[in-house]
Amino acid sequence: MSKIICVSDISTYAGQEVQIQGWVYNRTDKGKLCFLLVRDGTGFVQCVAFKGDLPEELFDQIMRIPQESSVIITGAVREDKRAPGIPGGYEVGIKDLKIVQAAEADYPMALKDHGVDFALDHRHLWLRMQSQWAILRVRATVMAATREWLDTNGFVEMSTPILTPAAAEGTTTLFETEYFDEGKAYLAQTGQLYNEANIFSFGKVYCFGPTFRAEKSKTRRHLTEFWMLEPEMAFCDLDGLMEIEEQMVTHIIQRVLRDRKPELVSLGRDLAKIESIKPPFPRISYDDAAKMLNDLYQKETDPEKKELLKFDWGIDFGAPHETAITQQFDKPVFVYGYPSAVKAFYMEPWPGRPEVCKSVDLLAPEGYGEICGGSERISDHNALLARIHKEGLPEEAFKWYLELRKYGSVPHSGFGMGVERVTAWLCGIEHIREAIPFPRTIKRVYP
RNA sequence: UCCUCGCUAGCUCAAUCGGCAGAGCGGGCGGCUGUUAACCGCUAGGUUCGAGGUUCAAGUCCUCGGCGAGGAGCCA
């Protein structure tokens, strides 16, 4: 009995007879020769059948095997530069093939691009395509690298609740559900407030899980359900926050480049654009970004683009603004010190400039925009209470949150990172819906 | 909520000014010993999103509706 191996390890089995358990991704028959491209979850490998080497009945069966059939293949591994696949360069000379299940002939996914509607309706099958496999492998590595960095840097993972009481910023953007006799509960849009409680016990914490937003955003950067990482640190100011974001993001990039290069190559990603990213990342203030945008506005000659770049101090960046800023840099850029009016109530005011707060967004290059958003939080009880009143928020709902500032309050900071946005950026794909296994958008909850 | 675009074979798309419903892929049959989304020959496959209207004639023009897309708004 030959050893069952993973395609990802195939290079270590050259010259040996092995077994591959997987699915027929593509078949090319050529007279007395038949090529099967087989995927096993860890990679894609070419398996070759020669008519002369096999019983006639078996060869005939291989020639007719439908796409997506599940198979167990026995054969000898050999190096061959012509062999496609991931990692590629090795192929299996078929000695035996057992069909676990012959797929029906009407498999709907062709090995080519599909329309968005069709692809999303068939997400359960689309996942099998090499491009989707590669993207989601990168995603898993982004998540693993994130945890790896945090866990080795003294952070403790805290699971914050997904079912939450009345919302921090009103209920219009939250999914609502019945909660027994307690009235309404809402799906969490952030674990931050809970992590602000957690830091007073654990120092440095993070939560990592799904986040829900009922906003009617319809863009390539938005999902209604997405995965967000939220670290929160005691005794950490805005500069310390940027330092941590920079180190963590750099680690994620290095780890993806180390472990997922073949996947990125298969996606056609220009590796040079991410290989060159090294700290430090540029840090510019909102004020400077505003000047930069006004300069770009002056220089722009296309009236349509010019209109999109129009910018007045005090407004939040739109997607065209973010794109324009990031195009000035070849690595991620921090923009800090946003106007308080466009940011959340809990952000620490800038010393001496109350109209600005100690917030920071990390914008990814190549037009991908915001991948992290964070801030130093207000640590003074009365200042926070004043902000809650000013925003017209229900003080009662924030009773516990305010109490954190009464017993050993410290400067503290945190940020949120969108996993799908980071994945989409590293993969170089157009839309973040491909960066999550089963995307939830305003128009889709199926499959 | 607004703006724009789209909907034709299982899939991706074409169809000129309103004038016979087409191709490639996929399926079926056949051929080929190195294919890379193979190639070559043959073949089957249609409620042109729906309803109404204009016309000798509508995939194409008009009205209404449906579904989807990506932009704006919104976005802890």
Side-chain angles (χ1 to χ4, degrees), chain A residues 25-37 44 46-53 59 63-64 66-68 80-85 88 91 93 103-122 125-126 129-131 160 164 167-174 186-196 207 211-224 226 228 230 266 304 307-308 315-320 322 342-347 359 361 369-370 373-375 377 391 393 414-416 418 421 430-431 433 441-444:
Chain A
Y25 188 65
N26 195 16
R27 186 192 69 237
T28 301
D29 44 85
K30 209 183 172 309
K32 297 187 175 65
L33 182 62
C34 184
F35 301 97
L36 301 181
L37 189 57
F44 291 69
Q46 173 163 278
C47 301
V48 189
F50 282 98
K51 190 171 188 175
D53 294 349
F59 184 78
M63 288 283 276
R64 293 166 181 283
Q67 185 190 2
E68 287 303 316
D80 191 316
K81 286 193 172 60
R82 295 169 296 186
E91 64 183 20
E104 296 189 18
D106 60 351
Y107 185 67
M109 304 299 289
L111 295 179
K112 60 175 183 179
D113 292 336
H114 290 87
V116 175
D117 201 25
F118 181 85
L120 287 174
D121 280 344
H122 296 81
L125 303 177
W126 188 24
M129 286 192 75
Q130 191 174 90
S131 59
T160 51
T164 60
E169 287 82 30
T171 58
T172 53
T173 62
L174 298 179
Y186 304 88
L187 300 186
Q189 56 181 349
T190 174
Q192 178 203 318
L193 274 56
Y194 293 99
N195 268 344
E196 286 189 65
C207 61
T211 299
F212 305 90
R213 285 194 182 165
E215 291 140 15
K216 296 195 172 178
S217 297
K218 275 184 65 176
T219 82
R220 70 187 69 190
R221 303 175 307 280
H222 290 90
L223 296 169
T224 55
F226 63 99
M228 184 158 68
E230 294 178 280
S266 79
E304 218 167 287
E307 183 59 30
L308 286 170
I315 68 168
D316 202 359
F317 297 136
E322 283 187 358
V342 299
K343 290 290 179 182
F345 72 93
Y346 48 72
M347 296 188 180
S359 56
D361 284 353
E370 183 183 343
S375 68
R377 325 298 194 190
E391 298 284 322
L393 296 168
F415 68 96
R421 286 186 178 182
E430 277 292 306
H431 200 300
R433 65 181 158 228
T441 65
I442 181 172
K443 290 291 182 184
R444 277 181 193 283

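The figures here come from the full heavy-atom set of this structure, side chains too, leaving out hydrogens, waters and symmetry mates. By convention in this document, chain letters (A, B, ...) are assigned in the order of the sequence lines, proteins followed by strands, and residues within each chain are numbered from 1.
Base pairing in RNA chain B yields stems of at least 3 consecutive Watson-Crick or G-U pairs, both distances under 3.5 Å, namely B:1-7 with B:66-72, B:10-13 with B:22-25, B:27-31 with B:39-43, B:49-53 with B:61-65.
Residue A/Ile315 contributes atom CD1, which lies 13 Å from atom C1' of B/rA72 at whole-angstrom precision. If you take CG of A/Leu174 and C1' of B/rA76, they are 9 Å apart, rounded to a whole angstrom. Look at CD on A/Glu104: it is 14 Å from P on B/rG27, rounded to the nearest Å. In this structure, A/Glu215 places its CD atom 9 Å from C1' of B/rA76, rounding to the nearest Å. A straight line from CD of A/Glu68 to P of B/rA37 spans 16 Å, rounded to a whole angstrom. Rounded to whole Å, the distance from CD on A/Gln46 to P on B/rG34 is 12 Å. Straight-line distance from the NE2 atom of A/His122 to the P atom of B/rG26: 18 Å, rounded to whole Å. Put simply, CG on A/Leu223 is 18 Å from P on B/rC75, counting in whole angstrom units.
At a threshold of 4.0 angstrom between heavy atoms, the contacts of A/Met109 with the nucleic acid are absent. Across all strands, A/Arg433 comes closer than 4.0 Å only to sugar-phosphate atoms, never to a base (heavy-atom distances). Within the nucleic acid shown, A/Gly416 has no heavy atom closer than 4.0 Å to any nucleic acid atom. Residue A/Phe50 is in base contact, counting any heavy-atom pair closer than 4.0 Å across all strands shown. Within the 4.0 angstrom heavy-atom criterion, no nucleotide atom of any strand lies near A/Pro66. Residue A/Ala188 is out of contact with every strand shown, counting any heavy-atom pair closer than 4.0 Å. Residue A/Glu91 is classed as a base contact, given a heavy-atom separation below 4.0 Å to a base. Nucleic acid contact for A/His431: sugar-phosphate only, since backbone atoms but no base atoms lie under 4.0 Å from a heavy atom of the residue. Within the 4.0 angstrom heavy-atom criterion, no nucleotide atom of any strand lies near A/Asp106. Among the protein residues, A/Asp316 comes within range of no part of the nucleic acid, since none of its heavy atoms lies under 4.0 Å from any strand.
Ion pairing between a basic and an acidic side chain is recognised when a charged N comes within 4.0 Å of a carboxylate O; A/Arg444 and A/Asp117 show such pairing.
For A/Phe226, the listed nucleotide lying nearest its side chain is B/rA76; candidates were B/rA76, B/rG30, B/rC32. Listed nucleotides: B/rU35, B/rA69, B/rA76. Nearest to the side chain of A/Lys30: B/rU35. Distances were taken from every side-chain heavy atom of A/Pro84 (C-beta onward) to each of B/rU35, B/rU12, B/rU33; the shortest belongs to B/rU35. Of the listed nucleotides (B/rG68, B/rG34, B/rU12), B/rG68 has the atom at the smallest distance from the side chain of A/Lys443. The side chain of A/Arg213 sits closest to B/rC75 out of B/rC75, B/rU35, B/rU12. Taking every side-chain heavy atom of A/Phe35 into account, B/rG34 is the closest of B/rG34, B/rC32, B/rC29. You'll find that the side chain of A/Lys112 is closest to B/rA37, out of B/rC75, B/rA69, B/rA37. When distances run from any side-chain atom of A/Thr211 to the nucleotides B/rA69, B/rA76, B/rU33, the shortest one goes to B/rA76. When each of B/rU33, B/rG28, B/rC75 is scored by its nearest atom to the side-chain atoms of A/Ala105, the top-ranked nucleotide is B/rG28. Proximity note for A/Ser217 (side chain, C-beta onward) versus B/rG73, B/rG34, B/rA76: the nearest is B/rG73.
Among all heavy-atom pairs drawn from A/Arg27 and A/Cys34, the shortest one is CG-SG, 3.8 Å. The minimum heavy-atom distance between A/His222 and A/Ser217, with the atom names listed, is CG-CB, 3.5 Å.
Taking only side-chain nitrogens and oxygens, A/Arg221 never comes nearer than 4.0 Å to OP1 or OP2 of B/rG70. Remark: A/Arg64 is in phosphate contact with B/rC29, judged by side-chain N or O atoms under 4.0 Å from OP1 or OP2. Between A/Arg82 and B/rU33 there is no side-chain polar atom (N or O) within less than 4.0 angstrom of OP1 or OP2. One finds no side-chain N or O of A/Arg27 lying less than 4.0 angstrom from the OP1 or OP2 phosphate oxygen of B/rG26.
A donor atom on one side chain and an acceptor atom on the other are not found under 3.5 Å apart for A/Tyr346 and A/Glu196.
Comparing the P positions of B/rC3 and B/rC11 gives an interatomic distance of 30 Å, to the nearest angstrom. Straight-line distance between the P atoms of B/rG66 and B/rG26: roughly 38 Å, to the nearest whole Å. B/rG65 sits 32 Å from B/rC20 when the P atoms are compared, rounded to a whole Å. Nucleotides B/rU48 and B/rU8 are separated by 11 Å at their P atoms, to the nearest Å. Comparing B/rG24 with B/rU60, their P atoms are spaced 25 Å from each other, to the whole Å. Atom P of B/rA9 sits at a distance of 23 Å from the matching atom of B/rG18, rounded to the whole Å. Between B/rU16 and B/rA21, the distance separating the two C1' atoms is 16 Å to the nearest Å. Comparing B/rG52 with B/rA58, their P atoms are spaced 14 Å from each other, to the whole Å.
By the 4.5 Å heavy-atom criterion applied to side chains, A/His122 and A/Pro108 are counted as neighbours.
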Pair A/Asn26-A/Leu36, side chain to side chain contact (heavy atoms under 4.5 Å, CB included): steps then yes or no: CA-CA 6 Å; A/Asn26 195 16; A/Leu36 301 181; over 6 Å; no

Side chain to side chain contact (heavy atoms under 4.5 Å, CB included) assessment of A/Phe59 paired with A/Asp53: CA-CA 9 Å; A/Phe59 184 78; A/Asp53 294 349; over 6 Å; no

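Mapping A/Pro108 and A/Asp80 onto RNA chain B via the closest heavy atom, the residue that lands nearer the 5' end is A/Pro108. Each of A/Ala110 and A/Val342 lies near RNA chain B, and the nucleotide nearest A/Ala110 is the one positioned closer to the 5' end.
Looking only at distances, no side-chain donor or acceptor of A/Tyr194 sits under 3.5 Å from a matching main-chain atom of A/Cys207.
To the nearest 0.5 Å, the span separating CG on A/Asp361 from CZ on A/Phe415 amounts to 12.0 Å.
A/Glu230 pairs in a side chain to side chain donor-acceptor pair (under 3.5 Å) with only one of the listed residues (A/Asn195, A/Thr211, A/Thr190), which is A/Thr190.
If you check distances only, the side chain of A/His222 does reach the base of B/rC75 with a donor-acceptor pair under 3.5 Å.
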Each nucleotide N or O in nucleotides 41-44 of chain B that has a protein N or O under 3.5 Å away: list the pair and distance.
none

